[in-house]
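Notes follow the structure.
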Amino acid sequence: MDKLVIKGGKKLAGEVRISGSKNASLPIFVATILAPGLNRIGNVPFLRDINTTIKVLESLGAIIEGNGNLVKIDSAGIHNHEATYDLVKTMRASVLVLGPLLARFGKARVSLPGGCAIGARPINLHLKGLQALGAEINLEHGYVEAEAKRLKGARINFDISTVGGTEHLMMAAATAKGETVLENAAREPEIDDLAQVLNLMGAHIEGAGTDTIRIQGVNELSPVSYSVMPDRIEAGTFMIAAAITGGDVKILGMKPEHLDALIFKLQDAGVEITSRDNVVRVKAPRKLRSINIKTRPYPGFPTDMQAQFMALMCVADGASVISENIFENRFMHVSELLRFGADITTEGNSATVKGVKKLSGAPVMATDLRASASLILAGLAADNITEISRIYHLDRGYESIEKKLAGLGADIQRIKE
Ligand code: EPZ
């Protein structure tokens with residue numbers, strides 16, 4: 001297994017270009033099940049999760065060319081309506097194929113995704129929504145078995161805001177008979193990207209990006225060409241990399257409007273952020289102020305930036321309180337950050353971070369995707385050497401992060417173990 005070795009203390013400077021969004025690419029790939037024919041998806045990041053999604057679609061019968069940048073997905077040949085445990089367990093977003101397979105074939109059998117490091121992550125709201133659309137759902141031997149002659153439109157009100165649930169039901173409802181209304185829908189930008197693809201395919205979806213989405217079912221969808229939105233979490237991670245190293249970095253190809261909550265908090269902490277025609281400049285202050293954050297569904301502070309922001313607060317002036325309100329176990333980076341000499345105490349879903357003068361490099365272990373990013377950020381700021389093991393977590397969601405950071409002057413290398 002590879003590890004990253006970082007010699008901290010370098011101020012980052014220069015320009016970095018953001019890759020396409022992982023969390024927009026995954027549902028967009030799945031949506032091609034609904035549009036038999038050759039779909040051309042551009043700006044796709046080279047990531048492990050993209051490769052896993054490709055494997056899932058190929059196991060269903062799709063023919064796929066490429067695994068990053070431009071990916072051609074010919075979904076005409078999809079004939080298998082079963083997604084097996086060995087594939088779904090490696091990436092829970094694969095469960096999204098259930099609705100599209102059900103809509104296309106009238107039946108589907110998909111493994112339950114199981115939990116993951118950050119939480120139980122049930123899919124009860126996905127299944128409840130599919131039942132509302134008329135699906136017969138049975139859970140047997142760890143699989144979801146679903147049947148429906150033709151899905152019928154319904155009003156669905158989500159108990160809680162769910163990104164995957166909203167994406168799943170938007171796709172299932174696109175070719176259902178009649179109108180579907182999704183209330184208390186998630187508002188993340190990735191949902192709007194997916195809705196744009198579905199509408200290009202011929203769907204009639206309005207309100208994506210708001211908490212009420214209206215879908216008029218159509219009979220069929222056709223294949224498209226589309227370029228995926230930039231990855232806002234990768235962009236946010238590089239903004240914090242500039243801030244935590246005392247750097248001055250220009251970030252190209254990001255959409256700052258996708259990160260308002262993070263940008264406001266970074267500015268409160270004293271970071272100078274200016275943006276002009278798709279270039280965002282991030283200039284670190286001499287001293288960072290401690291700021292409290294609460295993670296919330298979009299447009300609130302993103303849970304996927306919580307670990308990275310905590311690393312920043314470890315070297316800020318004063319104490320900050322960070323509360324994680326989306327996932328029940330998303331503080332696994334805390335014990336690793338303590339190894340750098342950080343001062344963090346947790347109680348339930350709240351962490352109190354007391355800024356320290358300097359972090360000191362240490363051997364640490366990645367536990368999940370965004371936790372890995374927070375360890376890199378701490379390593380960049382710490383003095384002497386940091387070694388991060390189990391970075392396969394990182395490769396799920398960050399394209400060539402060590403090359404991009406080295407391009408900004410970081411002393412970082414990937415060592416094959
Ligand atoms: C998506 O996960 C993202 N993944 C996550 O990013 C992100 O953290 C999350 O949204 C929240 O923004 C992808 O888009 C592939 P949810 P998702 O359904 O859809 C509970 C990353 O680092 N819930 O919005 O699985 C759930 O347990 C990943 O890139 C139910 O209870 O998240 C959680 O507490 C990590 N029942 C909350 O809702 C359900 O049926 C939000 O989950 C569904 C969800």
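For the numbers below, each heavy atom of this structure counts, side chains included, while hydrogens, waters and symmetry mates do not. This is a predicted model, so every value here is computed, not measured. Each ligand, and each atom within it, is numbered from 1 in the order the structure gives.
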Using a strict cut-off of 4.0 Å, indicate which atoms of ligand 1 neighbour a heavy atom of [X].
X	value
K22	21 (C), 29 (O)
R92	25 (O)
G164	18 (O), 19 (O)

Relative to ligand 1, is [X] under 4.0 angstrom through side chain, backbone, both or neither, heavy atoms considered?
X	value
D304	side chain
L369	side chain
R370	side chain

Problem - Ion pair check, D395 and R414, cut-off under 4.0 Å - result: yes
Exercise for the section: Tell me which protein heavy atom sits closest to atom 9 (C) of ligand 1, plus the residue, atom name and distance to 0.1 Å. Expected result: F327 CZ, 4.0 Å
Exercise for the section: Give a yes/no verdict on whether any heavy atom in P122 is under 4.0 Å from an atom of ligand 1. Expected result: yes
Handout entry: Close approach of R330 to ligand 1, heavy atoms, under 4.0 angstrom
Key = yes
[X] versus ligand 1: do any nitrogen or oxygen atoms come within less than 3.5 Å of each other?
X	value
R121	yes
I160	no
N23	yes
T303	no
L125	yes

Handout entry: Over-ring placement of R296 relative to F301, 6.0 Å and 45° cut-offs
Key = no
Exercise for the section: Find out whether the Lys NZ or Arg CZ of K107 is both under 6.0 angstrom from the six-membered ring centre of F105 and within 45° of the ring's axis. Expected result: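 That pair does not qualify as a cation-pi contact.
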Residues 172-182, side-chain donor-acceptor partners within the protein, below 3.5 Å, at least two apart:
{"from": "E179", "atom 1": "OE2", "to": "Q216", "atom 2": "NE2", "distance (Å)": "2.8"}
{"from": "T180", "atom 1": "OG1", "to": "A154", "atom 2": "N", "distance (Å)": "3.4"}

Exercise for the section: Give a yes-or-no answer on whether the side chains of N43 and N69 include a donor-acceptor pair shorter than 3.5 Å. Expected result: no
Mind listing the side-chain donor-acceptor pairs of residues 187-195 below 3.5 Å, one per line with the distance, residues two or more places apart or on another chain?
{"from": "E188", "atom 1": "OE2", "to": "Y298", "atom 2": "N", "distance (Å)": "3.0"}
{"from": "E190", "atom 1": "OE1", "to": "R232", "atom 2": "NE", "distance (Å)": "3.3"}
{"from": "E190", "atom 1": "OE1", "to": "R232", "atom 2": "NH2", "distance (Å)": "3.1"}
{"from": "E190", "atom 1": "OE2", "to": "R232", "atom 2": "NE", "distance (Å)": "2.6"}
{"from": "D192", "atom 1": "OD2", "to": "Q196", "atom 2": "NE2", "distance (Å)": "3.2"}
{"from": "D193", "atom 1": "OD1", "to": "Y226", "atom 2": "OH", "distance (Å)": "2.6"}
{"from": "D193", "atom 1": "OD2", "to": "M229", "atom 2": "N", "distance (Å)": "2.9"}

